[in-house]
Amino acid sequence: VEQMQMRDSLRMYNNLVEKCFSNCVDTFRRKTLDKDEDKCIRRCAEKFLKHTARVSMRFAELNSGAATPD
Amino acid sequence: VEQMQMRDSLRMYNNLVEKCFSNCVDTFRRKTLDKDEDKCIRRCAEKFLKHTARVSMRFAELNSGAATPD
Amino acid sequence: VEQMQMRDSLRMYNNLVEKCFSNCVDTFRRKTLDKDEDKCIRRCAEKFLKHTARVSMRFAELNSGAATPD
Amino acid sequence: MAAMPGSPSGINREQAFAVAQQEMEYRVDLFNKLAGTCFEKCMEKRLKEGDLNVGETSCIDRCVAKYWQVTGIIGQMLSAGGGGVAPR
Amino acid sequence: MAAMPGSPSGINREQAFAVAQQEMEYRVDLFNKLAGTCFEKCMEKRLKEGDLNVGETSCIDRCVAKYWQVTGIIGQMLSAGGGGVAPR
Amino acid sequence: MAAMPGSPSGINREQAFAVAQQEMEYRVDLFNKLAGTCFEKCMEKRLKEGDLNVGETSCIDRCVAKYWQVTGIIGQMLSAGGGGVAPR
């Protein structure tokens with residue numbers, strides 16, 4: 001089980017990198033990130049993690065049957 | 001083998017949900033589906049299943065070498 | 001390990017087919033590829049393989065810590 | 001995939017473990033698809049800040065709830081009309 | 001991945017099982033990609049009904065046939081020029 | 001995921017193997033996502049030839065380098081602020 005969690009973390013990490021890279025990086029004139037790209041990546045990652053945490057919380061509630069009214 | 005089939009069914013089910021949700025749900029002003037969304041989901045799922053059945057049939061024919069003329 | 005490599009090759013092959021099919025085939029009036037589609041598929045596959053080879057090379061360099069200046 | 005009260009003693013530990021593992025893989029897969037879909041639907045494309053704003057937060061909550069509802073509807077359709085595939 | 005007639009007796013059961021399992025995983029993956037791609041290509045976006053109409057049905061048949069053909073072409077390219085990766 | 005110098009003798013072979021396997025799966029997944037993303041970003045849509053042209057080739061090199069950099073930044077963020085998930 002521990003190994004499955006580890007695997008899922010690594011997969012999540014790969015997904016996060018892929019998503020934020022795709023969103024933030026679009027020019028390839030240099031081989032290092034420029035300042036705006038760097039900032040975008042950090043915001044994106046932060047947002048992704050907060051999003052995942054929120055979804056987890058709601059998902060756990062629903063899984064436990066604790067649905068709340070609108 | 002049985003377990004693999006079970007796993008594939010569950011994965012197919014997840015794919016089906018994801019695809020139909022993405023196609024049919026686009027507004028988030030309430031936390032329950034409205035009537036049109038509900039109808040769209042049911043049609044989408046029905047269509048997806050019929051599509052999968054048709055592809056399975058053709059795929060099985062090709063796998064067994066029974067290609068038919070145009 | 002050998003089995004994992006085999007599996008990865010097969011997966012790569014499936015990805016290649018999917019990507020090139022999606023890029024090159026858009027009409028379904030016949031059940032065989034026309035001449036342009038056939039040509040497109042071959043170029044696409046060739047390009048995909050060259051692309052993969054290039055990425056592999058760079059990826060291996062970075063993994064071994066041999067980063068080069070811009 | 002429901003819990004199996006009073007399951008016959010014939011079922012052995014390995015099988016029970018395999019079933020539990022599949023259940024878990026299914027839930028992980030469901031979670032990942034749900035999270036990815038709601039990210040696409042709810043996050044504003046322009047990243048002005050790292051925080052979730054109010055609109056995004058309530059969008060996530062509703063997106064998760066609706067996704068869950070869709071899971072139920074399609075699960076029912078499959079178990080009713082269907083080919084035996086009827087996970088919760 | 002072809003059947004191996006007269007394989008040496010040295011190959012053991014476990015290996016044979018592992019190969020068969022990979023072959024199956026490969027086919028499942030192929031099927032899923034094919035089905036997903038043809039769904040995108042053939043289904044009309046406006047969902048007016050749950051049935052497949054005539055146009056969609058023949059589109060599916062041709063899509064599957066063409067996809068299969070592409071599998072063959074690329075398989076040949078890989079086995080000819082290539083790095084040894086040559087599944088059917 | 002780093003090498004573990006002087007690991008206690010208590011760790012057994014099976015565990016070490018499982019860790020190595022995960023490390024490898026992680027790298028394969030990383031490679032596949034990187035390759036797919038850079039293909040989308042760098043390949044010209046009109047396929048005039050099977051070769052990579054100069055622009056595409058240097059685009060790939062830079063895309064791989066930038067992707068690698070992003071891996072590092074996000075890895076750092078996770079290990080610093082985060083929930084213990086801190087792969088290299």
Kindly compute the distance separating [atom1] ([X]) from [atom2] ([Y]), expressed to the nearest 0.5 Å.
{"X": "D:Tyr26", "Y": "B:Ser9", "atom1": "OH", "atom2": "OG", "answer": "12.0 Å"}
{"X": "B:Arg29", "Y": "D:Cys59", "atom1": "CZ", "atom2": "SG", "answer": "11.0 Å"}
{"X": "B:Arg11", "Y": "D:Leu30", "atom1": "CZ", "atom2": "CG", "answer": "14.0 Å"}
{"X": "D:Thr71", "Y": "B:Phe21", "atom1": "OG1", "atom2": "CZ", "answer": "9.0 Å"}
{"X": "D:Ile73", "Y": "B:Cys44", "atom1": "CD1", "atom2": "SG", "answer": "11.5 Å"}

- Message: With a 4.5 angstrom heavy-atom cut-off, is it the side chain or the backbone of B:Asp38 that approaches chain D, or both, or neither?
- Response: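 Side chain only.
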- Any donor-acceptor pair under 3.5 Å from D:Lys41 side chain to B:Val25 backbone: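 Confirmed, D:Lys41 side chain pairs with B:Val25 backbone.
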- Message: Check whether D:Gln69 reaches the backbone of B:Leu33 with its side chain - one donor and one acceptor, N or O, closer than 3.5 Å.
- Response: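 Side chain of D:Gln69 to backbone of B:Leu33: a pair is present.
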- Does a side-chain heavy-atom distance below 4.5 Å link D:Met77 with B:Arg42?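 Yes - at least one pair of side-chain heavy atoms lies under 4.5 Å apart.
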- Message: Other residues, nucleotides and ligands only: do more than 12 of their heavy atoms fall within 6.0 Å of CD on D:Glu14?
- Response: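 Atom CD in D:Glu14 is not crowded, with 12 or fewer foreign heavy atoms closer than 6.0 Å.
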- Task: Mind running side chain to side chain contact (heavy atoms under 4.5 Å, CB included) on D:Asn32 and B:Asn14 for me, showing each step along the way?
- Result: CA-CA 10 Å; D:Asn32 288 337; B:Asn14 273 330; over 6 Å; no
- Query: Between D:Asp61 and B:Lys31, is there a side-chain N and carboxylate O pair less than 4.0 Å apart?
  - Reply: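 Salt bridge between D:Asp61 and B:Lys31, a charged N being under 4.0 Å from a carboxylate O: no.
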- Message: I'd like to know whether B:Val17 forms a side chain to side chain contact (heavy atoms under 4.5 Å, CB included) with D:Lys33, so could you lay out the CA-CA distance, the side-chain angles of the two residues, the decisive distance to 0.1 Å, and finally the verdict.
- Response: CA-CA 9 Å; B:Val17 170; D:Lys33 287 192 161 55; over 6 Å; no
- Task: With D:Lys66 as the cation and B:Phe28 as the aromatic partner, state whether NZ or CZ is under 6.0 Å from the six-membered ring centre and within 45° of the axis.
- Result: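 The answer is yes; both the distance and angle limits are met.
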- Message: As a quick check of understanding, evaluate side chain to side chain contact (heavy atoms under 4.5 Å, CB included) for B:Leu16 and D:Ile74, giving each step before the final call.
- Response: CA-CA 8 Å; B:Leu16 167 49; D:Ile74 293 180; 3.7 Å; yes
